[in-house]
Amino acid sequence: MQQAQKEKEDDEDESCPEEFVGLCDFTASDSDQLSFSTGDRILVHAKTSSEWWWGELHGVFGYVPTSYLLHQGLEEDDNSLEDPWQDEEYFSSYGTLRLHLEMLADKPRTEAYRQTILNNSSSLRGKALMDLGCGTGIISLFCAQLAKPSVVYAVEASSMVDYTRQLVKKNGYEAVVTVLQGRAEEIDLPKQVDVLVSEWMGNCLLFEFMVESVLVARDRWLREGGVMWPSSAVLTLVPCQAQSYYTEKMAFWERPYGLDFTALKPLAQQEFFTKPKFSHLTQPDDCLATPCDVISLDMHTLQVTDLEEMKGQFEFPVKKLGTFHGFTAWFAVHFQSLETGAATVELNTGPNSEPTHWKQTLFMLDSPVTVHIGDSISGAIVLRRNPVWRRHMTVTIQWSINTTSEGKDNCQIQTKSFPMWR
């Protein structure tokens, strides 16, 4: 009797699909996927994997990416909605040494901040500074050691702050460095600061959106005419080859062990190429064109509302014959000099610079395309912040290939969206 009741309940669960709402537009890349727009109500019949569900919209069925969906019972002002900033998860990750070791061991990153402070040490003497998201306090310690400011407010929201206080005391700078625990939106400082320094950058520059906290702190605590470090930032894009990654994830299924596994290639494309690949190392020779800066930020004038959607245009004259597998993105930040004649410090995370812990971000096309010298790849990129989960975003790239090869027509405009999800 109990077994029969359970089977009945299972049948009822399968016959009652759940309704979800589209968080942003999604364009199907093959006949097995289902296109939908922001706000569409999608019936999910089967949760086939953690990333793809079987859904229905207006009587049409197909796979839908889970990261684009919000349960219909949750609204942005619903009290039952999980913290949209996911603070507990986010800050707990910075309460352990794993990430701090990765960042501190990143010599180009850490030396860029140290060199900036050293280059401007005379101008920083006697000034008030804030180090937002200070972590272990390395930048605050550089300031105290190299520049002799009047005070450094080292602000950290994670539990690492207890160790930061110990490190400040251990190094003998507790008279200069004041360690405060809390978010930028909540802390109170005794006075405004002359310089706000922070290492806020994420994958593809904006991911995780710590930059919003930096802008809030700027508007609350940076005096008029004060300086932001970094002072500016750019996101750079280039069409690229990624043969080894394509072979590893896609070509593998053609004849493994002498057997035909090509039936798995559509599933492999969905699983491996739908999201961007973080921590990818693009070799300079893999770049098919000269890189292009597609988005620029002025940290003194950037507003929080600007973060909701950022757009950039690109046109890449192809420089070499090769296979166009996708786009690689990276960022560079610059530190304004306070002293006449002092060099501006740049931290560049691109393939022509010393590798950093960010490396680059790879956006794979669904299918590779052969391109030739003289071809042109043009289009646009949009970084759209997730309307509910505020540390996430979607990167949408639209492109077309204008070819000069005989007997070939120009490619149609293509679009692909990549959810960046923690």
(message) For the OG atom of Ser150 and the NZ atom of Lys127, what is their distance to the nearest 0.5 Å?
(response) 9.0 Å

(message) My understanding is that only residues two or more places apart in sequence, or in another chain, count here; which of them pass side-chain hydrogen bond (donor to acceptor under 3.5 Å, both in side chains) with Thr236?
(response) Asp293

(message) To the nearest 0.5 Å, what is the distance between CG on Leu383 and CE on Met310?
(response) 8.0 Å

(request) Mind checking ring-ring contact (aromatic ring centres under 6.0 Å, His included) for Phe142 and listing every partner two or more places apart, or none if nothing turns up? (result) none

(request) For residues Cys134 and Thr164, report the shortest heavy-atom separation together with the two atoms involved. (result) SG-CG2, 4.1 Å

(request) Verify the ring-centre separation between Phe273 and Phe363: is it less than 6.0 angstrom? (result) no

(request) Mark yes or no for whether Asp306, through its side chain, and Gln303, through its backbone, hold a donor-acceptor pair below 3.5 Å. (result) yes

(request) Check whether more than 12 heavy atoms from other residues, nucleotides or ligands sit under 6.0 Å from atom OH of Tyr113, and answer yes or no. (result) yes

(request) Locate the shortest heavy-atom distance separating Trp421 from Asn386; write the atom from each residue and the value. (result) CZ3-ND2, 3.4 Å

(message) What's the separation between atom OG in Ser198 and atom CD1 in Ile139, rounded to the nearest 0.5 Å?
(response) 7.0 Å

(message) Ignoring hydrogens, what is the shortest heavy-atom contact between Trp330 and Leu235? Give both atom names and the distance.
(response) O-CD1, 3.3 Å

(message) I want to check something: taking the side chain as every heavy atom from C-beta on, are Trp52 and Gln33 in contact at a cut-off of under 4.5 Å?
(response) yes

(message) Looking only at the aromatic ring of each residue, does the gap between the centers of Phe207 and Phe209 stay below 6.0 angstrom?
(response) no

(message) Salt bridge or not between Glu111 and Arg109? Use side-chain N to carboxylate O under 4.0 Å.
(response) no

(request) Please lay out, stage by stage, how Arg390 and Glu208 fare under the test salt bridge (charged side-chain N to carboxylate O under 4.0 Å, His left out). (result) CA-CA 8 Å; Arg390 303 301 281 160; Glu208 294 188 323; over 6 Å; no

(request) Carefully, step by step, assess Ser400 and Gln414 under the rule side chain to side chain donor-acceptor pair (under 3.5 Å). (result) CA-CA 6 Å; Ser400 63; Gln414 299 187 59; over 6 Å; no

(request) May I ask you to check whether His334 and Glu346 show a side-chain donor-acceptor distance below 3.5 Å? (result) yes

(message) Which residues pass the side-chain hydrogen bond (donor to acceptor under 3.5 Å, both in side chains) test with Glu254, not counting sequence neighbours?
(response) Lys265

(request) State plainly whether the residues Arg220 and Asp188 are in salt-bridge range, i.e. N to O under 4.0 Å. (result) yes

(message) side-chain contact (heavy atoms from CB on, under 4.5 Å), that's the test. Do Arg223 and Val193 meet it? Break it down for me.
(response) CA-CA 6 Å; Arg223 69 164 178 80; Val193 298; over 6 Å; no

(request) Could you please spell out the steps behind the side-chain contact (heavy atoms from CB on, under 4.5 Å) verdict for Val21 and Asp40? (result) CA-CA 6 Å; Val21 178; Asp40 280 348; over 6 Å; no

(message) Any heavy-atom pair between the side chains of Lys249 and Lys277 that's under 4.5 Å?
(response) no

(message) On a heavy-atom basis, which atom in Lys416 and which in Leu365 lie closest, and how many Å separate them?
(response) NZ-C, 3.9 Å

(request) Please report the C-alpha distance between His280 and Thr361 in whole Å, then the side-chain angles of each, then the deciding distance to 0.1 Å, and finally whether the side-chain contact (heavy atoms from CB on, under 4.5 Å) criterion is met. (result) CA-CA 6 Å; His280 179 73; Thr361 303; over 6 Å; no

(request) With the side chain counted from C-beta on, respond yes when Ser231 and Met299 share a heavy-atom pair under 4.5 Å apart, and no when they do not. (result) no

(message) Please confirm whether the ring centroid of Trp54 lies under 6.0 Å from the ring centroid of Tyr63.
(response) yes

(request) Using a cut-off of 6.0 Å, state whether more than 12 heavy atoms not belonging to Leu97 lie near its atom CG. (result) no

(request) Identify the two heavy atoms, one from Phe36 and one from Ile42, that lie closest to each other, and give their separation to 0.1 Å. (result) CG-CD1, 3.5 Å

(message) Could you check whether Phe331 and Trp358 have their ring centres less than 6.0 Å apart?
(response) yes

(request) Consider only side-chain N and O atoms of Asp162 and Gln166, and report whether a donor and an acceptor are under 3.5 Å apart. (result) no

(message) Whether the side chain of Ser158 engages the backbone of Tyr94 through a donor-acceptor N/O pair (distance < 3.5 Å, no angle test) should be reported.
(response) yes

(message) Please verify the inter-ring angle class for Tyr246 with His325; under 30° counts as parallel, over 60° as perpendicular, anything in between as tilted.
(response) tilted

(request) Salt-bridge test for Lys169 and Glu174: reply yes if a basic N is under 4.0 Å from a carboxylate O, no otherwise. (result) no

(message) Once ring-ring contact (aromatic ring centres under 6.0 Å, His included) is applied, do any residues pair with Phe252, and if so which ones, sequence neighbours excluded?
(response) none

(request) List for me each residue that meets side-chain contact (heavy atoms from CB on, under 4.5 Å) alongside Val161, sequence neighbours excluded, and say none if there are none. (result) Glu156, Arg165, Val179, Gln181

(message) Using 0.5 Å steps for rounding, measure from the CZ atom of Phe324 to the OG atom of Ser367.
(response) 12.0 Å

(request) Look at the side chain of Trp229 and the backbone N and O of Gln336, then say whether any donor-acceptor pair between them is shorter than 3.5 Å. (result) yes

(request) Go through the side-chain N and O atoms of Thr247 and Gln243 and say whether any donor and acceptor fall under 3.5 Å apart. (result) yes

(request) Report yes if some heavy atom in the side chain of Leu129 is under 4.5 Å from a heavy atom in the side chain of Val151; otherwise report no. (result) no

(message) Between Gln360 and Thr328 (side chain of the first, backbone of the second, donor and acceptor by atom type, cut-off under 3.5 Å), is there such a pair?
(response) no

(message) Quick check on the 6.0 Å ring-centre criterion: do Trp221 and Tyr153 meet it?
(response) no

(message) Taking the side chain as everything from C-beta on, heavy atoms only, tell me whether Leu69 gets closer than 4.5 Å to Trp53.
(response) yes

(request) Mind checking the CG-CG spacing from Leu180 to Leu189? Nearest 0.5 Å is all I need. (result) 6.5 Å

(request) Could you pull out the closest heavy-atom pair between Cys143 and Val152, with the gap in Å? (result) CB-CG2, 3.9 Å

(request) Verify the neighbour count for atom NZ of Lys320: are there more than 12 heavy atoms of other residues, nucleotides or ligands below 6.0 Å? (result) yes

(message) Test side-chain contact (heavy atoms from CB on, under 4.5 Å) on Gln398 and Ile413; report intermediate values, then the result.
(response) CA-CA 7 Å; Gln398 183 183 83; Ile413 294 175; 3.4 Å; yes

(message) I'd like to check Leu206 versus Val211 (side-chain heavy atoms, cut-off strictly below 4.5 Å). Are they in contact?
(response) yes

(request) Mind checking side-chain hydrogen bond (donor to acceptor under 3.5 Å, both in side chains) for Ser123 and listing every partner two or more places apart, or none if nothing turns up? (result) Glu339

(message) Please confirm whether the ring centroid of Tyr245 lies under 6.0 Å from the ring centroid of Phe272.
(response) no

(message) A side-chain contact here means heavy atoms from C-beta on lying under 4.5 Å apart; do Leu205 and Leu297 qualify?
(response) yes

(request) Using a strict cut-off of less than 4.0 Å between a Lys/Arg side-chain nitrogen and an Asp/Glu carboxylate oxygen, indicate whether Glu56 and Arg41 qualify as a salt bridge. (result) no

(message) What's the separation between atom OG in Ser417 and atom CZ in Phe26, rounded to the nearest 0.5 Å?
(response) 8.0 Å

(message) Less than 3.5 Å apart, any donor N or O on the side chain of Ser140 or Asp131 sitting next to an acceptor on the other?
(response) yes

(request) Report yes if the side chains of Lys311 and Glu309 come closer than 4.5 Å at any heavy-atom pair, otherwise no. (result) yes

